[in-house]
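Whatever order the structure lists them in is the order used to number ligands and atoms, beginning at 1. Positions are given from 1 along the sequence.
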Amino acid sequence: MIILKMLKDLKLEEWTRENPVWFSEEVLKSSLWEKEKEILLSLKNHNEVAVRSCNAAGKSYTAARAVHWWLLGHKGSIVLTTAPTGRQVREVLWREIREAVANKPIYSPESVLETKINISNRWFALGLSTDQPDQFQGFHSPYLLVIVDEASGVEDLIFEAIDGLKPNKILLIGNALRNTGRFANVFKEQGIAKIVISAFDTPNLIASEFDNFEKFKEVWLKEGIKFFENKNKIVIPGLITLNDVIKFAQRYGIDSDVFRVRVLGEFPRAEAESFISIDEVNRAMSREVQIMPHWEKKMGVDVARYGDDRTVFIIRQMEKVLRKEIFIHQDLMVITGYILKIAEEENIRPENILIDVIGIGAGVVDRLKEQGWNVNGINIALPAKDKEHYANLRAELGGKIKDWLKTGQLLKDDDFFEATNIKYKFTSKGQLQLESKEDMKKRGLPSPDVFDALGLTFAFPAGMQEIYYPQSAGGVGQYYPEIGI
Ligand SMILES: Nc1ncnc2c1ncn2[C@@H]1O[C@H](COP(=O)(O)OP(=O)(O)OP(=O)(O)O)[C@@H](O)[C@H]1O
Ligand SMILES: [Mg+2]
């Protein structure tokens with residue numbers, strides 16, 4: 001409020017308009033690191049600015065400051081922000097927008113709402129979700145700024161609707177998750193201001209003395225992880241750190257698409273080698289699906305095969321993965337105990353517990369059966385049901401995961417990105433074959449146990465063709481036509 005008055009009285013509006021960095025630092029009291037400043041200055045100087053970066057580079061933080069800068073620098077302005085899902089709009093960018101002005105005498109308290117700042121009915125900022133393109137209509141202002149967060153995930157239809165508004169300025173920010181779509185194309189176009197931020201440009205990595213990828217790569221390949229102990233320095237909490245980079249290097253390899261996208265801010269390779277893409281996993285993590293409490297839950301258990309491996313439990317209720325558990329260094333009896341405990345907690349029927357029987361998994365299944373639990377042992381090395389298309393059951397289950405990712409919701413848990421490590425090929429008979437755990441180990445990558453455990457939740461023992469979900473209170477009964485294996 002006070003600032004708004006000052007803007008009117010002291011003609012600070014024009015000063016603000018010309019000085020976004022000053023505005024962020026002096027009015028919002030938000031200090032910025034170099035690339036964050038560059039984003040704001042580019043936005044002042046150009047009509048269209050696109051920023052792609054590693055994870056946690058400060059894009060949303062900066063875009064939030066840009067919202068206030070535009071509003072307070074232009075009387076009668078409108079800012080529209082959007083992102084692929086409603087949750088991303090509310091909980092990512094708008095959380096930063098609200099926090100940037102919390103406890104500061106800028107707007108009157110009643111004008112700052114969850115996804116709106118309302119100075120007047122012709123002067124406001126508003127968060128829109130992208131599920132309804134027709135929302136992007138009817139906004140008229142001499143000063144219209146549109147900000148698209150997580151722009152890789154936004155469909156071209158929405159961009160067309162945004163173009164229809166003829167904004168004065170547009171800011172696109174995001175991770176470079178896929179090679180297609182408007183966000184990817186913008187980086188091939190002339191005349192648009194582009195900013196790329198690698199983790200090695202960011203303050204925490206610079207403070208840790210790893211300010212370029214080549215240097216990191218050399219040390220990583222020569223010295224390995226031990227060298228990096230105690231090297232992590234944090235100067236701005238929340239931004240990507242050297243430890244994060246190491247985690248990505250270890251889990252996915254420095255040549256992987258995940259490393260390219262999430263550490264270097266690059267697009268994935270054009271020729272996908274991976275069976276499942278980062279974009280597919282990311283979309284499933286961002287999605288919000290509705291499930292009914294009475295729908296059945298499946299538990300897939302990928303049992304450790306050798307002493308040092310992990311046992312992974314995944315619980316999926318139709319379109320939603322509800323829970324992931326990892327246990328390390330456990331013996332058969334302990335794993336059996338966990339299965340019973342989790343099945344009880346989650347109310348899962350024995351036949352919906354699907355356990356990998358290669359290695360000690362077989363013992364786990366026997367032990368549970370002895371105790372009267374008629375669980376299902378699944379051998380993913382056996383032939384697929386659909387032998388024409390899949391080399392074995394593991395590939396077939398992988399195919400089901402890939403289909404399910406189009407509509408399902410994953411937990412927001414980085415472990416699911418391990419699926420993107422798995423390469424694929426076709427056999428001489430044209431069947432899909434997935435890279436084996438052993439081959440992945442040879443490439444220095446961890447075995448994709450979370451992916452395999454999720455795959456098991458799609459395995460159906462012979463005879464179980466479909467499940468009837470009883471009618472819910474007031475709801476509609478339905479068949480879930482899952483194909484039997
Ligand atoms: N200059 C800064 N000062 C203090 N905190 C900051 C600054 N820049 C970013 N942060 C904090 O760092 C964290 C990561 O920033 P932000 O979410 O903006 O990154 P991002 O690039 O949008 O990440 P993602 O890739 O996940 O979208 C947030 O908690 C944010 O508040
Ligand atoms: Mg962000």
In ligand 1, which numbered atoms sit nearer than 4.0 Å to a non-hydrogen atom of [X]?
| X | value |
| --- | --- |
| S31 | 1 (N), 2 (C), 3 (N) |
| E36 | 1 (N), 2 (C), 7 (C), 8 (N), 9 (C) |
| I236 | 2 (C), 3 (N), 4 (C), 5 (N), 6 (C), 7 (C) |

Roughly how far apart are S60 OG and D149 CG, rounded to 0.5 Å?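 Spacing of OG (S60) from CG (D149) equals 3.5 Å.
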One residue to check: [X]. Relative to ligand 1, which of side chain, backbone, both or neither has a non-hydrogen atom less than 4.0 Å away?
| X | value |
| --- | --- |
| L239 | both |
| E96 | side chain |
| N175 | side chain |

Would you call the rings of W220 and F228 parallel, tilted or perpendicular, taking 30° and 60° as the class edges?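 Geometry flag for F228 against W220: tilted rings.
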Using 2.8 Å as the threshold, say whether any N, O or S atom from S60 sits that close to the Mg ion (ligand 2).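 For S60, the answer is yes, given that an N, O or S atom comes within less than 2.8 Å of the Mg ion (ligand 2).
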May I ask which of A56, A100, P237 has a heavy atom nearer to atom 11 (C) of ligand 1 than the others do? P237
Y107-H68 aromatic ring centre distance below 6.0 Å: yes
Do F416 and F451 have ring centres separated by under 6.0 Å? no
To check you understand the geometry: which heavy-atom pair defines the closest contact between W69 and K44, and what is its length?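 The pair with the smallest heavy-atom distance is CH2-CA, 3.8 Å.
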Report the C-alpha distance between E346 and R323 in whole Å, list the side-chain angles of each, state the deciding distance to 0.1 Å, and finish with yes or no for salt bridge (Lys or Arg N to Asp or Glu O under 4.0 Å). CA-CA 10 Å; E346 297 285 345; R323 184 167 170 185; 2.8 Å; yes
